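Values reported hereafter were calculated over all heavy atoms of this structure, with side chains retained and with hydrogens, waters and symmetry mates removed. All figures in this text were calculated on a predicted structure; none of them were measured in a lab.
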Amino acid sequence: MRKMKSKYPMTGFLAGMMLALVQAGCGGAGEFAEQDNEDSAHAEQAIRGDFSQSCTDITFFNDRYLSARCARSDGQFVYSEIDLGEYLVNEDGNIWWGLGGQFHRSCSFVIFGARASELFFSCKKKDGSYKETSKVLDERIANINGVLVYRP
């Protein structure tokens with residue numbers, strides 16, 4: 001039998017080594033699949049918002065800024081803040097999501113709700129009276145690798 005000489009003699013050896021490493025659990029497809037599952041879970045959480053599931057020390061200050069220590073994908077917690085004045089609107093005493101809303105000009109923070117992501121405000125109505133209203137920030141605020149972001 002005649003042995004064929006390969007133009008790339010190490011190709012078979014390298015392919016065999018890669019297969020052995022994958023089977024031994026030293027990287028390769030299994031590790032990538034696990035990372036893909038983790039990335040998918042983070043992406044799904046980001047679409048929903050749900051920042052409070054991966055952030056601690058959640059605070060609200062100056063009637064418009066939300067801050068927290070948020071987990072990154074490497075497990076470290078970092079400080080992040082977001083200006084909610086850019087994303088919330090006061091419409092006759094009710095708070096709604098909307099870009100450039102400037103709700104803080106006619107609302108004052110009152111208290112956190114039963115959940116860390118629910119804030120209560122006193123907001124001015126068109127008739128000049130005030131109404132207590134609330135907003136669950138997990139609806140649209142997400143933690144993307146340690147950064148608080150608005151998800152439209």
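- Applying the under-4.5 Å side-chain rule to Ile, Leu, Val, Met, Phe, Trp and Tyr, the cluster around Tyr65 extends to Phe61, Tyr79.
- Every side-chain hydrogen bond (donor to acceptor under 3.5 Å, both in side chains) that Ser106 has, sequence neighbours left out, goes to Asn90.
- In terms of heavy-atom proximity, Val78 sits nearest to Gly146 at CG2-O, 3.5 Å.
- Atom CZ of residue Phe109 and atom OG of residue Ser122 lie 12.5 Å apart, to the nearest 0.5 angstrom.
- In this structure, Cys123 SG and Glu91 CD are separated by 11.5 Å, a value rounded to the nearest 0.5 Å.
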Verdict with supporting geometry, Trp97 and Glu139, side chain to side chain contact (heavy atoms under 4.5 Å, CB included)
CA-CA 9 Å; Trp97 294 106; Glu139 294 172 355; 2.7 Å; yes
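- Considering every non-hydrogen atom in both Asn94 and Thr133, the closest pair reads CA-OG1, 4.1 Å.
- Cluster annotation: Ile141 is not connected to Phe77 through the hydrophobic network of ILVMFWY side chains, with a link wherever side-chain heavy atoms come within less than 4.5 Å.
- Atoms OH and CG, on Tyr150 and Asp83 in that order, are 13.5 Å from each other to the nearest 0.5 Å.
- A salt bridge is defined here as a Lys NZ or Arg NE, NH1 or NH2 lying under 4.0 Å from an Asp or Glu carboxylate O, and Asp92 with Lys126 fails to meet this definition.
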Could you check Arg64 against Glu86 for side chain to side chain contact (heavy atoms under 4.5 Å, CB included), going step by step and ending with a plain yes or no?
CA-CA 9 Å; Arg64 68 188 283 179; Glu86 297 297 319; 4.1 Å; yes
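- Atom NZ of Lys124 and atom SG of Cys107 lie 11.0 Å apart (nearest 0.5 Å).
- Asp63 places no side-chain N or O within 3.5 Å of a backbone atom of Ser108 that could act as its donor or acceptor partner.
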Under the side chain to side chain contact (heavy atoms under 4.5 Å, CB included) criterion, do Val136 and Glu118 qualify, and how do the steps go?
CA-CA 4 Å; Val136 176; Glu118 182 178 30; 4.1 Å; yes
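- For the residue pair Val147 and Asn143, the shortest heavy atom distance occurs at N-OD1, 3.4 Å.
- Here Leu99 contributes atom CG and Leu88 contributes atom CG; the two are 10.5 Å apart, rounded to the nearest 0.5 Å.
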Evaluation steps, side chain to side chain contact (heavy atoms under 4.5 Å, CB included), between Leu84 and Ile82:
CA-CA 6 Å; Leu84 295 178; Ile82 187 169; 4.1 Å; yes
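- Here the closest non-hydrogen pair linking Cys55 and Leu148 is SG-CD2, 4.0 Å.
- When the options Cys70, Ser67, Ser52 are evaluated for a side-chain contact (heavy atoms from CB on, under 4.5 Å) with Ile58, the one that passes is Ser52.
- Asp138 places a side-chain N or O within 3.5 Å of a backbone atom of Phe51 that can act as its donor or acceptor partner.
- Ring geometry for Phe60 versus Phe103: interplanar angle of 30 to 60°, hence tilted.
- Considering all non-hydrogen atoms of both residues, Gly85 and His104 come closest at CA-ND1, 3.5 Å.
- Alongside Phe120, the hydrophobic cluster contains Val110, Ile111 (criterion: ILVMFWY side chains under 4.5 Å).
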